[in-house]
Peer 1: 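Take a look at this one; I'll ask things after.
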Protein chains: 2
Amino acid sequence: MERVSYRGRTAQDTLNHLRETGLRITEPRVEVVEEIHGRQGLFTGEQLYGDLRERGSGVGRATIFRTIDVLVELEILDRVHQPDGAHGYVLRSPGHRHHLVCSACGDVVEFQGCNVGDLIDDLATRTDFRIEGHWLEIFGTCGRCQQPG
Amino acid sequence: MERVSYRGRTAQDTLNHLRETGLRITEPRVEVVEEIHGRQGLFTGEQLYGDLRERGSGVGRATIFRTIDVLVELEILDRVHQPDGAHGYVLRSPGHRHHLVCSACGDVVEFQGCNVGDLIDDLATRTDFRIEGHWLEIFGTCGRCQQPG
DNA sequence: AGCTTATTGATACTGAGTATCAATATAGCA
DNA sequence: TGCTATATTGATACTCAGTATCAATAAGCT
Ligand SMILES: [Mn+2]
Ligand SMILES: [Mn+2]
Ligand SMILES: [Zn+2]
Ligand SMILES: [Zn+2]
């Protein structure tokens, strides 16, 4: 339930994870992985693309989105759904996490300790669904964004 | 926690709700409201548009999306986020609800009785966020979609 | 170094929604 | 019931977030 440092996993760890999965370590992937590990808070694919471009990278737009998909699949990134319908991504700490997201600035506080297990067990017995996962996302306004002016 | 019938609120109720909010009751809005009250399960704006067109309605595409927004705002519809990133909408029963969504066919079971209140209180005291809302969405495969063949 | 094939970037495309704006219809009121 | 102010509409063009295609390239294995 406390703010979780993203330092728990390095860019190198993530690259190893990619390799172990049988994926090739390419220059574009290295760039994207290093970029996301240097970030905090929510970002979009477009932002990632823009920022890499700015610092002279030649990574293609499609590659950005492809790589994001891979990283979401590997649970390195989490996809976050915002109230306005837009999607952002956040680096994910190991384990089961959820997010408290600032609707104003996109700041994210990860937390764990969600207590929906019982609820899910209940649903599993009461419906004929095979339950595969859940999302819990909490949103509000962070301290900084509450300041007037 | 049980499957909730959508019959709890009629198209007429919804139209009254619109009127009470100060919104005009227009032909397109009536068509959309009647259409959604005749549905069950998840639908997209595009589907709504297509279906209304098929039955000879002249409602514009923009109007569909505008009306959906109004209905989400008024808590007549819920926006549902699917694992693949697509958005659907469901008629919402009165009160605080969440959804169990079939990833294969889009079937939806509404449920209530979410137990994240304590969690949220906790977050509110531990962070400086003003908390404004939450999403809880559970997904899996419904009984029908589990059948082989 | 050579070979296989995963990955890339350019390009063009889609899907979902939105800004614009002149035309129209609604609701409140005389 | 008709008049008027303005909320709403539909057509159009546009944006934004991603995706399919495909020839060129580069990883990684041997
Ligand atoms: Mn979403
Ligand atoms: Mn809840
Ligand atoms: Zn903020
Ligand atoms: Zn299903």
Side-chain angles (χ1 to χ4, degrees), chain A residues 14-36 42-53 56-74 77-90 106, chain B residues 14-36 42-74 77-90 106:
Chain A
T14 294
L15 290 173
N16 290 339
H17 192 350
L18 284 189
R19 191 179 349 252
E20 284 157 20
T21 314
L23 295 166
R24 293 185 181 174
I25 306 306
T26 65
E27 181 55 28
R29 281 181 180 160
V30 171
E31 285 182 34
V32 170
V33 166
E34 287 180 346
E35 174 68 25
I36 66 170
L42 217 57
F43 56 87
T44 65
E46 210 60 41
Q47 282 167 3
L48 216 54
Y49 178 57
D51 292 355
L52 282 170
R53 280 274 151 155
S57 162
V59 193
R61 223 175 78 89
T63 300
I64 295 288
F65 286 104
R66 282 191 283 240
T67 307
I68 285 175
D69 283 347
V70 169
L71 295 174
V72 168
E73 192 64 29
L74 295 184
L77 290 180
D78 267 324
R79 176 175 287 121
V80 171
H81 301 253
Q82 296 174 281
D84 67 358
H87 289 165
Y89 302 90
V90 225
Chain B
T14 294
L15 291 172
N16 290 339
H17 192 347
L18 284 188
R19 189 175 356 248
E20 285 156 20
T21 313
L23 296 167
R24 293 186 181 173
I25 307 304
T26 65
E27 180 55 27
R29 282 180 178 160
V30 172
E31 285 182 34
V32 170
V33 166
E34 287 181 346
E35 174 68 25
I36 67 171
L42 217 57
F43 56 87
T44 65
E46 209 60 43
Q47 282 167 3
L48 217 52
Y49 178 57
D51 291 357
L52 281 170
R53 281 274 149 155
E54 267 183 24
R55 59 179 76 180
S57 162
V59 193
R61 224 175 78 89
T63 300
I64 296 288
F65 286 104
R66 284 191 282 239
T67 307
I68 284 176
D69 283 347
V70 169
L71 295 174
V72 168
E73 192 63 28
L74 295 183
L77 290 181
D78 267 324
R79 178 175 288 122
V80 171
H81 302 253
Q82 297 174 281
D84 67 359
H87 290 164
Y89 302 89
V90 227

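Small disclaimer: the values here were computed from a predicted structure and weren't measured. Chain A is the first sequence line, chain B the second, and so forth, proteins listed ahead of strands; every chain is numbered from 1.
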Peer 1: Got a sec? Which of residues 58-70 of chain B come in under 4.0 Å of DNA chain D, heavy atoms?
Peer 2: B/G58, B/V59, B/G60, B/T63, B/R66
Peer 1: Expressed in angstrom and rounded to an integer, what is the separation of B/L15 atom CG from C/dT26 atom C1'?
Peer 2: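 From B/L15 CG to C/dT26 C1': 14 Å.
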Peer 1: In terms of the nearest nucleotide of DNA chain D, which residue is placed more toward the 5' end: A/G45 or B/E27?
Peer 2: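 Counting from the 5' end, the first nearest nucleotide belongs to B/E27.
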Peer 1: Side-chain N or O of B/Y89 versus OP1/OP2 of C/dG17: is the shortest distance under 4.0 Å?
Peer 2: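 So the side-chain polar atoms of B/Y89 do come within 4.0 Å of the phosphate oxygens OP1 or OP2 of C/dG17, strictly under.
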Peer 1: Rounded to whole Å, please give me the gap between CZ in A/R79 and C1' in D/dA17.
Peer 2: 11 Å
Peer 1: Of the non-hydrogen atoms in B/I68 and B/G45, which two are nearest, and what is the gap between them?
Peer 2: CD1-CA, 3.6 Å
Peer 1: Given atom CG of B/L18 and atom P of D/dT9, what is their separation to the nearest angstrom?
Peer 2: 10 Å
Peer 1: Starting at CZ of B/R53 and ending at C1' of D/dT9, how long is that distance when rounded to a whole Å?
Peer 2: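 Value for this atom pair: 12 Å.
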Peer 1: From CD of A/E31 over to C1' of D/dA26, roughly how many Å is that when rounded to an integer?
Peer 2: 14 Å
Peer 1: Using the rule side-chain contact (heavy atoms from CB on, under 4.5 Å), only one of A/V80, A/V90, A/L77 pairs with A/F43; which is it?
Peer 2: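 Only match with A/F43 under side-chain contact (heavy atoms from CB on, under 4.5 Å): A/L77.
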Peer 1: What is the distance, to the nearest angstrom, from the CD atom on B/E46 to the P atom on C/dG17?
Peer 2: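 Answer to the nearest Å: 8 Å.
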Peer 1: Please report the interatomic distance CG(B/L71) to CZ(B/R29), rounded to the nearest 0.5 Å.
Peer 2: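 One finds 8.5 Å between CG of B/L71 and CZ of B/R29.
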Peer 1: Is any side-chain heavy atom of A/E31 closer than 4.5 Å to a side-chain heavy atom of A/E35?
Peer 2: no
Peer 1: At less than 3.5 Å, do the side-chain atoms of B/R29 and the base atoms of D/dT8 form a donor-acceptor pair?
Peer 2: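 Looking at the base of D/dT8, it does not pair with any donor or acceptor on the side chain of B/R29 (distance under 3.5 Å).
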Peer 1: May I have the distance from A/E20 (atom CD) to D/dG28 (atom P), rounded to whole angstrom?
Peer 2: 13 Å
Peer 1: Out of C/dA10, C/dT7, C/dA25, which has the shortest distance to the side chain of B/R24?
Peer 2: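 Nearest to the side chain of B/R24 among the choices is C/dA25.
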Peer 1: Rounded to the nearest angstrom, tell me the gap between atom CG in A/L48 and atom P in D/dA17.
Peer 2: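 Roughly 13 Å, once rounded to whole Å.
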Peer 1: Look up atom CG in A/L48 and atom OH in A/Y89, then write down how far apart they are to the nearest 0.5 Å.
Peer 2: 10.5 Å
Peer 1: Could you give the distance from CZ (B/R53) to CD1 (B/I64), rounded to the nearest 0.5 Å?
Peer 2: 8.5 Å
Peer 1: Tell me whether the side-chain N/O atoms of B/T26 come closer than 4.0 Å to OP1 or OP2 in D/dT9.
Peer 2: yes
Peer 1: With a 4.5 Å limit on heavy-atom distance, are the side chains of B/R79 and B/D69 in contact?
Peer 2: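 Yes; the side chains approach each other to less than 4.5 Å.
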